[in-house]
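By convention in this document, chain letters (A, B, ...) are assigned in the order of the sequence lines, proteins followed by strands, and residues within each chain are numbered from 1. As a basis for the values below, the full set of heavy atoms in this structure was taken, side chains included, without hydrogen atoms, waters or symmetry mates. The structure displayed is predicted, hence computed values, not measured ones.
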Amino acid sequence: MAGKYQIPRGTFDILPEDSYKWQYLKNTFREVTRMFNFKEIVTPIFEKSELFERSVGVSSDIVQKEMYKFKDKKGRILALRPEGTAPIVRSYVENNLGRDGDLSKLFYIGPMFRYERPQKGRYRQHFQYGIENIGSENPYIDAEVIAVGFNFLKKLGLDNFELQINSIGCPNCTLDYNKALVKYFSSYYDELCSDCKIRIKKNPKRLLDCKVESCKKIALNAPSMLDYLDDECEIHFKKVQENLSKINIPFKINPRIVRGLDYYTKTAFEFIDNNLGAQNTLIGGGRYDGLVKQLGGNDVPGIGFAGGFERLIVSMEKEGLQFGREQSPDVFLVTLGEEAKEFGISFLSKLRNNRISAEISIDKNSLKAQMKAANKSKAPFALILGDNEIKKEEITLKNMETGFQELVKLADIVEKLLQILKIK
RNA sequence: GUGGGUGUAGUUCAAUGGUAGAGCACUGGAUUGUGGUUCCAGGCGUUGCGGGUUCAAAUCCCGUCAUCCACCCCA
């Protein structure tokens with residue numbers, strides 16, 4: 001039952017019976033990013049608070065109310081990272097990663113922190129995976145980044161998601177567009193919900209995806225961002241679509257996709273699982289062409305995405321998908337009698353030193369209890385060692401699935417196991 | 001941060017204000033060297049925590065913590 005201490009709100013333990021799922025997701029993500037030649041980058045989980053305020057935007061909710069901000073002993077104002085892009089761009093600039101003129105293709109996996117009210121698929125400490133591709137504004141890159149997300153979800157076996165894309169233009173387009181939005185919604189001001197009355201001042205684009213019915217109706221005829229793209233942004237967006245089609249990635253244009261973070265420009269996209277409830281964005285991403293410069297680097301464009309492992313797991317479990325194999329030992333050693341147990345201990349060590357994962361139930365003596373333990377461990381093979389075997393210098397090898405068992409010379413067992421288990 | 005629901009054994013859930021139960025899981029056993037099916041046996045758990053009302057509280061009230069759903073926002 002509950003002890004004296006409880007885990008902090010919105011956090012969770014990844015227990016041994018579940019950790020293989022995270023392992024599987026990480027491995028799969030590494031495999032997929034490898035196909036695209038992305039390399040891993042690891043940055044600290046805390047940064048100067050200022051970094052996020054500058055990049056994500058002081059007015060954004062993330063900075064406003066969701067950041068874990070604290071002072072260290074020297075009075076430095078730090079924050080647990082709420083997202084992954086800003087730290088990576090910081091590192092890119094600080095370490096001059098673009099120095100050789102190549103694209104920086106980076107991926108990361110790690111915890112992020114947001115002080116929010118917890119919900120299913122949304123936690124205060126959660127694990128994100130993501131990529132950043134810094135150094136090119138070529139629309140081919142947009143498609144490639146999207147392809148990484150697409151291939152990842154597909155590789156996990158997911159099929160129930162939808163890719164939605166939009167272009168939110170550059171700061172120039174946004175300026176005009178926001179004016180148009182404000183103008184449009186102002187004429188309906190009295191009919192807007194109280195949230196939207198604030199949004200119209202703070203972030204007009206947010207009016208577009210309000211969930212209140214009356215606002216939805218009004219938003220239906222609101223001007224579309226896509227009509228306000230300048231030539232450059234419009235061509236870029238078209239090319240992105242062409243490139244996606246070229247590599248057979250289906251997508252839907254959703255002019256209502258809005259990014260919450262200030263640094264986004266041009267392409268914005270989301271992979272959405274529509275039967276997931278409110279927290280349905282599996283992956284969210286977009287271009288951030290001004291960010292590197294803003295953080296003190298050269299005027300270099302970038303694009304990336306991020307996704308949360310917890311939502312992925314919810315989505316996969318809903319679909320009944322597997323997370324690879326749960327970890328189990330290769331063999332389970334069962335011993336009978338003192339002499340066999342004594343011998344078994346050194347034999348166990350021999351197996352392990354030969355890269356055979358082996359387990360024993362040291363506190364149980366009866367054959368039955370040990371066989372039960374072997375079964376529960378999910379080891380594919382049991383090795384039974386008793387007086388009979390020791391006398392003849394043999395050991396019983398039992399296939400736990402078929403029940404078939406045979407006597408094998410002790411001198412040959414390691415070699416035989418390596419062969420059956422296909423360990424090189 | 002706002003609104004609503006929930007909180008009982010490892011877990012899923014029962015229990016008109018009157019001694020707290022079941023399935024699954026777990027452990028042991030079913031003639032002494034064989035698991036996964038079957039049968040038998042084994043649970044006194046501060047009913048999340050702290051107050052209050054009452055002769056009596058898992059049950060009613062207040063607070064608190066946690067969780068779930070929605071909003072805000074986001075992965």
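Between B/rC55 and B/rC49, the distance separating the two C1' atoms is 26 Å to the nearest Å. Atom P of B/rA70 sits at a distance of 38 Å from the matching atom of B/rU37, rounded to the whole Å. Comparing the P positions of B/rU19 and B/rU59 gives an interatomic distance of 14 Å, to the nearest angstrom. Only the P atoms considered, B/rG35 is 15 Å distant from B/rC26, to the nearest whole Å. Comparing the P positions of B/rG21 and B/rU27 gives an interatomic distance of 25 Å, to the nearest angstrom. Taking atom P on both B/rA30 and B/rG36, the two are 13 Å apart, rounded to the nearest angstrom. Comparing the P positions of B/rC69 and B/rC61 gives an interatomic distance of 25 Å, to the nearest angstrom.
Between B/rG33, B/rG36, B/rA75, one nucleotide has an atom nearer to the side chain of A/E116 than all others, and that is B/rA75. Looking at the side chain of A/Q405, the nearest of the listed nucleotides B/rA75, B/rG33, B/rU34 is B/rU34.
Not counting sequence neighbours, the partners of A/K155 by the salt bridge (charged side-chain N to carboxylate O under 4.0 Å, His left out) test are A/E31. Residues passing the side-chain contact (heavy atoms from CB on, under 4.5 Å) test with A/K293 are A/D299, sequence neighbours excluded. When the side-chain hydrogen bond (donor to acceptor under 3.5 Å, both in side chains) test is applied to A/Q327, no partner is found at least two apart in sequence or on another chain. A search for side-chain contact (heavy atoms from CB on, under 4.5 Å) contacts involving A/Q294 returns A/L291, not counting sequence neighbours. Scored by the side-chain contact (heavy atoms from CB on, under 4.5 Å) test, A/F38 finds A/T33, A/F36, A/K105, A/F107, A/I131, A/N133, A/E144, A/V148 as partners (sequence neighbours excluded). In this structure, A/E339 has no salt bridge (charged side-chain N to carboxylate O under 4.0 Å, His left out) partners at least two apart in sequence or on a different chain.
With no hydrogens or angles considered, no side-chain donor-acceptor pair links A/Q370 and A/S366 at under 3.5 Å. In this structure, a donor-acceptor pair under 3.5 Å is present between the side chains of A/N160 and A/D273.
Donor-acceptor pairing under 3.5 Å, judged by distance alone, is present between the side chain of A/N388 and the base of B/rG33. At a cut-off of 3.5 angstrom, the base of B/rU34 holds no donor-acceptor pair with the side chain of A/Q370. No hydrogens or angles were tested; on distance alone, nothing pairs the side chain of A/N375 with the base of B/rG36 as donor and acceptor under 3.5 Å. Below the 3.5 angstrom threshold, one finds a donor paired with an acceptor across the side chain of A/E389 and the base of B/rG33.
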Identify all side-chain donor-acceptor contacts of residues 275-285 of chain A below 3.5 Å with residues at least two apart in sequence or on another chain.
{"from": "A/Q279", "atom 1": "OE1", "to": "A/R311", "atom 2": "NH2", "distance (Å)": "2.9"}
{"from": "A/Q279", "atom 1": "NE2", "to": "A/Q119", "atom 2": "OE1", "distance (Å)": "3.3"}

Which string of ( ) [ ] | and . matches RNA chain B, if you list each base 5' to 3' and count Watson-Crick or G-U pairs only when both distances are under 3.5 Å? (((((((..((((....[..)))).(((((.......))))).....(((((..]....))))))))))))....

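Within the structure, every pair that satisfies the salt bridge (charged side-chain N to carboxylate O under 4.0 Å, His left out) test and touches residues 128-143 of chain A, not counting sequence neighbours, is listed here: A/D142-A/R287. Sequence neighbours left out, not one pair with a member in residues 166-191 of chain A passes salt bridge (charged side-chain N to carboxylate O under 4.0 Å, His left out).
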Hey, what are the protein-to-nucleotides 67-71 of chain B N/O distances that come in under 3.5 Å?
{"from": "B/rU67", "atom 1": "OP1", "to": "A/G10", "atom 2": "N", "distance (Å)": "2.8"}
{"from": "B/rU67", "atom 1": "OP2", "to": "A/R9", "atom 2": "NE", "distance (Å)": "3.1"}
{"from": "B/rC69", "atom 1": "OP2", "to": "A/K120", "atom 2": "N", "distance (Å)": "2.6"}
{"from": "B/rA70", "atom 1": "OP1", "to": "A/A278", "atom 2": "N", "distance (Å)": "3.3"}
{"from": "B/rA70", "atom 1": "OP2", "to": "A/Q119", "atom 2": "NE2", "distance (Å)": "3.0"}

Below 3.5 Å between N/O atoms, which protein atoms pair up with nucleotides 24-32 of chain B? Just atom names and distances, please.
{"from": "B/rU27", "atom 1": "OP1", "to": "A/K376", "atom 2": "NZ", "distance (Å)": "2.8"}

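Ring centers of A/F309 and A/Y129: under 6.0 Å apart, within the cut-off.
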